[in-house]
There are 2 protein chains.
Amino acid sequence: MATEPRPLTLRDVSEASGVSEMTVSRVLRNRGDVSEATRTKVLEAAKALGYVPNKIAGALASQRVNLVAVIIPSLRNMVFPEVMSGISRELEETDLQPVVGVTDYMPEKEEKVLYEMLSWRPSGVIIAGLEHSDASRAMLKASGIPVVEIMDTDGTPVDCAVGISHRRAGRMMGRAILKAGYHQIGFMGTKMPLDHRARKRFEGFTEVLAKEGVEIMDREFYSGGSALAKGREMTAAMLERTPELDFLYYSNDMIGAGGLLHVLDQGIDVPGRIGLAGFNGVELLDGLPRRLATMDACRTEIGRRAARIIASRVADPDAPVESVVELTPTIDFGDTLERS
Amino acid sequence: MATEPRPLTLRDVSEASGVSEMTVSRVLRNRGDVSEATRTKVLEAAKALGYVPNKIAGALASQRVNLVAVIIPSLRNMVFPEVMSGISRELEETDLQPVVGVTDYMPEKEEKVLYEMLSWRPSGVIIAGLEHSDASRAMLKASGIPVVEIMDTDGTPVDCAVGISHRRAGRMMGRAILKAGYHQIGFMGTKMPLDHRARKRFEGFTEVLAKEGVEIMDREFYSGGSALAKGREMTAAMLERTPELDFLYYSNDMIGAGGLLHVLDQGIDVPGRIGLAGFNGVELLDGLPRRLATMDACRTEIGRRAARIIASRVADPDAPVESVVELTPTIDFGDTLERS
DNA sequence: GTGAAAGCGCTAACAC
DNA sequence: GTGTTAGCGCTTTCAC
């Protein structure tokens, strides 16, 4: 028996069941009234044949696509899988489905991915960040579908935004550190042109220090490689170079954890001699010898809220919308930010 | 000026440029010969209008969809983002695009996700594991598109498979441990009904030990929570319970790292008094105080090879195919597997 | 409760 | 090099 290369169509189910295509379609979509008898006939035929509906044709005919485009910089940074899981969980309540596109932090790739996704005419877009190329912003505006920019609220959204203010987060951490009595502060993070949110945190941070007449004493930026190892290396180098430092602020928890491991290895008193803090509240790191001070960026919640906005606007295009939802991150002092 | 709610169509571009729809379509797809003059006219009109083609209509008309469905258990386990990046990098050479579906390790959800994705008529499927429900296998078979089952080669693929033999991996590690002189062995891992590959490694592992008359002395399984913290807790509990253990084999690197941190904290001599090994070669952990012995599961390579198979079969349906590509993992002894 | 006709926006195939 | 025609497989609309 040769395999049938042609995929099955509604017509095949119609013929197999002796019911019109139209009614078969109704049964398969649970739409309109269909008698129990024909309903079973149709479902049996469909199952027996192994029919899988063709959403392409369905979408074209109905002008509706139950997909939500989610555009994020990376899947390897744990932050985004967490946002994704918030989105998925929320969309599971609806008949919408998330589809992920990854930009690798590159504006040109973002543009390309966005174009590709929009060409499938999704019901909505969730996209990380507020910084996009002009072309990307134009596409988003012209798409006519709900767009939620996530993670960040420092800027003007195309449509609406859900996130935290990274500038504010930087300020909060700066204040907490000063208040604990640290003044000789070093900073380590990713190369920032790539990462607007890290940049904004840094700006908020230095702003608060400046107000108290404190300046960052040393700084170092990295890109690529294992973050844990990088954190170790950079920390070792920085303490060598600037031994008087009494606090190290890291732009993410992974390098912070690397730094923490180095400092503990050296037998340095934490947080007495040196305090440390990171950013993101990575659960992954819960088993470390000490809990790194950090700040929760509300990742899952951001995903949920963004998805909820899309869902409500799909259900009712005139639903009222807050254009910016700013969540409030909280500092977790852990074991590395308190003068003994 | 009211915003136009209707998305633009080819016809709009055609009218704006004074060129027939067909020729506009040709320009936009770079197909067939079009004079330079009309080409520019069309491109200008399209750009000016902000036209984004409708792939749904295109796919329906051409019966071709340049999507590859990638179905994986989770995005939060670093293994899968790594596989994804292998897939993406390979597909970037083609005009195919990956689309991810997540099953949360649940067969019923796998079935649902698979059905949803197949209903978009993708050009191929890459799916994790060889264990699927009958319905899922039936769908895959009936789809008539190339299907690559990844990660695992211990079993019979629907179409073809790329991965490693986890049974063999378990055996390799078992042999290495015995050869190093350890005999009092404890095992920690995920609850296995969820995780076939971990189960197979465990089976291979115990099989080799049994041959030498060695039996696992203690074992513990977990699910959920921070793996690092779990590894710590389980290790503490197990060493308390069974202090004579001289080796701890973990089903993944994260819990292994937790165990390692605990053991080092206790000032236990590693690998003299106790050896440890994990599985997966997680780069993330590179900055730990000691490098955990582990085994590379060839994740990126698996992604690349799988994508390459799909791409070649899309280009030529009769392309020759090896039905099973078994890659060979290598043991990395790190600093935790060698008798001093 | 069910069916027939028209068409969603694009492309294949062919004509010119 | 460019245009015309006929569908892709569904759903909408309306008639029965």
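Side-chain N or O atoms of A/Glu110 include none that pairs as donor or acceptor with a backbone N or O of A/His132 at under 3.5 Å. One N or O on the side chain of A/Thr40 and one on the backbone of A/Glu36 form a donor-acceptor pair closer than 3.5 Å. B/Ser123 places a side-chain N or O within donor-acceptor distance of the main-chain N or O of B/Val65, the cut-off being under 3.5 Å. Listed for the A/Ser14 side chain is no donor-acceptor partner under 3.5 Å among the backbone atoms of A/Leu10. Of the possible donor and acceptor atoms, none in the side chain of B/Ser119 sits under 3.5 Å from a partner among the backbone N and O of A/Asn54.
Phosphate proximity of D/dG9 to A/Arg11: absent, as no side-chain N or O sits under 4.0 Å from OP1 or OP2. At the phosphate of C/dG9, neither OP1 nor OP2 sits under 4.0 Å from any side-chain N or O atom of B/Tyr51. Contact between the side-chain N/O atoms of B/Ser25 and the OP1/OP2 oxygens of C/dT11 is found at a separation under 4.0 Å. Contact check, A/Arg31 against D/dT11: no side-chain N or O comes under 4.0 Å of OP1 or OP2.
Within a 6.0 Å radius of CG in A/Asp134, no more than 12 heavy atoms belonging to other residues, nucleotides or ligands are found. Atom CZ of B/Arg89 is surrounded by more than 12 heavy atoms from other residues, nucleotides or ligands within 6.0 Å. Crowding of A/Arg29 atom CZ: a count of heavy atoms from other residues, nucleotides or ligands under 6.0 Å exceeding 12.
Per the geometry, CZ belonging to A/Arg29 stands 17 Å off P belonging to D/dG9, to the nearest Å. Between the P atom of C/dG9 and the CG atom of B/Leu28 lies a distance of 16 Å, rounded to the nearest Å. Rounded to whole Å, the distance from CG on A/Leu8 to C1' on D/dC8 is 16 Å.
Between B/Lys112 and B/Glu108, no side-chain nitrogen of the basic residue sits less than 4.0 Å from a carboxylate oxygen of the acidic one, so the salt-bridge criterion is not met. Residues A/Lys55 and B/Glu116 are paired through a salt bridge, judged by an N-O separation under 4.0 Å between the basic side chain and the carboxylate. We find that B/Asp95 and B/Arg64 are not joined by a salt bridge, their nearest charged nitrogen and carboxylate oxygen being 4.0 Å or further apart.
When the C1' atoms of four end pairs are superposed on the next four at each end of the helix from C/dG1-D/dC16 to C/dC16-D/dG1, using five pairs per end, the two resulting axes differ in direction by 30°, to 10°.
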For nucleotides 1-5 of chain D, tabulate all protein N/O to nucleotide N/O atom pairs closer than 3.5 Å, reporting atom names and distance.
unit_1: D/dT2; atom_1: OP1; unit_2: B/Ser35; atom_2: OG; d: 3.1
unit_1: D/dT2; atom_1: OP1; unit_2: B/Thr38; atom_2: OG1; d: 3.4
unit_1: D/dT2; atom_1: OP2; unit_2: B/Ser35; atom_2: N; d: 2.8
unit_1: D/dT2; atom_1: OP2; unit_2: B/Ser35; atom_2: OG; d: 3.4
unit_1: D/dT2; atom_1: OP2; unit_2: B/Thr38; atom_2: OG1; d: 2.8
unit_1: D/dG3; atom_1: OP2; unit_2: B/Ser20; atom_2: N; d: 3.1
unit_1: D/dG3; atom_1: OP2; unit_2: B/Ser20; atom_2: OG; d: 2.8
unit_1: D/dG3; atom_1: OP2; unit_2: B/Thr23; atom_2: OG1; d: 3.0
unit_1: D/dG3; atom_1: N7; unit_2: B/Arg26; atom_2: NH2; d: 2.7
unit_1: D/dG3; atom_1: O6; unit_2: B/Arg26; atom_2: NH1; d: 3.2
unit_1: D/dG3; atom_1: O6; unit_2: B/Arg26; atom_2: NH2; d: 3.3

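Taking a 4.0 Å limit (strictly below) on heavy-atom distances, residues 112-125 of chain A does not reach DNA chain D anywhere. Contacts with DNA chain C (heavy atom under 4.0 Å) in residues 52-62 of chain A: A/Leu60, A/Ala61, listed by number.
Mapping A/Gln63 and B/Arg64 onto DNA chain C by nearest heavy atom places A/Gln63 at the nucleotide closer to the 5' end.
Annotation: side chain to side chain contact (heavy atoms under 4.5 Å, CB included) contacts of B/Asp104 (sequence neighbours excluded): B/Val102, B/Met106, B/Lys109. Remark: A/Ala48 pairs with no residue by the side chain to side chain contact (heavy atoms under 4.5 Å, CB included) rule, at least two apart or across chains.
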